[in-house]
Student: 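First the structure, then my questions, so here it is.
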Amino acid sequence: MAGIKLNEQYRKIAPTIVILYGTYHEVHEEMKAFGQMLGKEQEADNWLAAFDEDVKQAKASIAGLVPAGTTFSIMGPFGKEFYIYGDGVNRGGQAIYQQLGLTPAESVRTDLIQKKGDAQSVSTEKIAAYAGDYIFLDISGGVEFDESRLSGPRSMQ
């Protein structure tokens, strides 16, 4: 009910479009929808063409760096919970999995991506089950991360 009242207040200020979280799961679908909503279909198509070219160049720049069969995960502690992220809007999932085409760990693919899930909280005991060969670790949840305790490479560079 509070959301409806807030939307009514916004509509008094300016035209308002309400889009529920998770409505779009892919950048092309989202950009085309915004183009239609705003009467800017051609601009959306132009943006997507430029975006697709940028993605093509990004893929080419990492070609050869990632051996066949290498898997990736996006994870992050947030408060007292630990999250695994899929290929949605959270923490770069679209870019990593959808655009760059990096392969998710099998459990990420089956438990999140195939089920269109953006994120899933897991216990620390289950983190290893979701770990790919490489992990993109999101530390934006205010958690301290001590890089001085790492051994081995810190990036794929």
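Values in this document were obtained by computation on a predicted structure and should not be read as measured data.
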Student: To the nearest 0.5 Å, tell me how far L6 CG sits from R11 CZ.
Tutor: 10.0 Å
Student: How far apart are the closest heavy atoms of A44 and G35, and which atoms are they?
Tutor: CB-CA, 3.9 Å
Student: Find out if a path of hydrophobic residues (ILVMFWY) with successive side-chain heavy-atom gaps under 4.5 Å connects L100 to L137.
Tutor: yes
Student: Could you tell me which non-hydrogen atom of E81 sits nearest to which non-hydrogen atom of Y83, and how far apart they are?
Tutor: OE2-OH, 3.2 Å
Student: Nearest 0.5 Å please: distance from the CG atom of N7 over to the NZ atom of K12.
Tutor: 12.0 Å
Student: If we only count heavy atoms from C-beta on, is the E41 to Q36 side-chain gap below 4.5 Å?
Tutor: yes
Student: Are any non-hydrogen side-chain atoms of D52 and H28 less than 4.5 angstrom apart?
Tutor: yes
Student: Same cluster for M31 and Y24 if Ile/Leu/Val/Met/Phe/Trp/Tyr side chains link at under 4.5 Å?
Tutor: no
Student: Quick one: sort the Y134 and F72 rings into parallel, tilted or perpendicular, breaks at 30° and 60°.
Tutor: parallel
Student: Nearest heavy-atom pair of H25 and D118: which atoms, and what distance?
Tutor: CE1-OD1, 3.5 Å
Student: On a heavy-atom basis, which atom in V55 and which in Q99 lie closest, and how many Å separate them?
Tutor: CG1-O, 3.3 Å
Student: Let's go through R109 and E106 carefully: what are the C-alpha distance in whole Å and the side-chain angles of both, what is the deciding distance for salt bridge (charged side-chain N to carboxylate O under 4.0 Å, His left out) to 0.1 Å, and is it a yes or a no?
Tutor: CA-CA 5 Å; R109 187 181 64 74; E106 182 62 20; 2.2 Å; yes
Student: How about Q120 and Y85: does a side-chain donor come under 3.5 Å of a side-chain acceptor?
Tutor: no
Student: Between D45 and K32, is the closest basic N to carboxylate O distance under 4.0 Å?
Tutor: yes
Student: Check whether T16 reaches the backbone of A14 with its side chain - one donor and one acceptor, N or O, closer than 3.5 Å.
Tutor: yes
Student: Without swapping roles, check the side chain of Q98 against the backbone of D87 for a donor-acceptor pair under 3.5 Å.
Tutor: yes
Student: Going by distance alone, is a donor N or O of one side chain under 3.5 Å from an acceptor N or O of the other, for D133 and T70?
Tutor: no
Student: State, with a plain yes or no, whether a side-chain heavy atom of V66 is found less than 4.5 Å away from one of L102.
Tutor: yes
Student: Below 4.5 Å, heavy atoms only, C-beta onward: do I84 and V108 meet side chain to side chain?
Tutor: yes
Student: At what distance, to the nearest 0.5 angstrom, does CG of L48 lie from CG of N46?
Tutor: 9.0 Å
Student: Determine whether M37 and W47 fall in the same hydrophobic cluster, where Ile, Leu, Val, Met, Phe, Trp and Tyr are linked whenever their side-chain heavy atoms lie under 4.5 Å apart.
Tutor: no
Student: Above 12 or not: heavy atoms from other molecules or residues under 6.0 Å from OH of Y10?
Tutor: no
Student: How many angstroms lie between CG in L112 and OH in Y97, if you round to the nearest 0.5 Å?
Tutor: 8.5 Å
Student: Main chain of R91, side chain of D138: is a donor-acceptor contact present, judged purely on distance under 3.5 Å?
Tutor: no
Student: Do F136 and V122 share a hydrophobic cluster (ILVMFWY, side-chain heavy atoms under 4.5 Å, transitive)?
Tutor: yes
Student: Should I13 and L38 be counted in the same cluster of Ile, Leu, Val, Met, Phe, Trp and Tyr side chains packed under 4.5 Å apart?
Tutor: no
Student: Kindly say whether G132 contributes a backbone atom to a donor-acceptor pair with the side chain of S73 at under 3.5 angstrom?
Tutor: yes
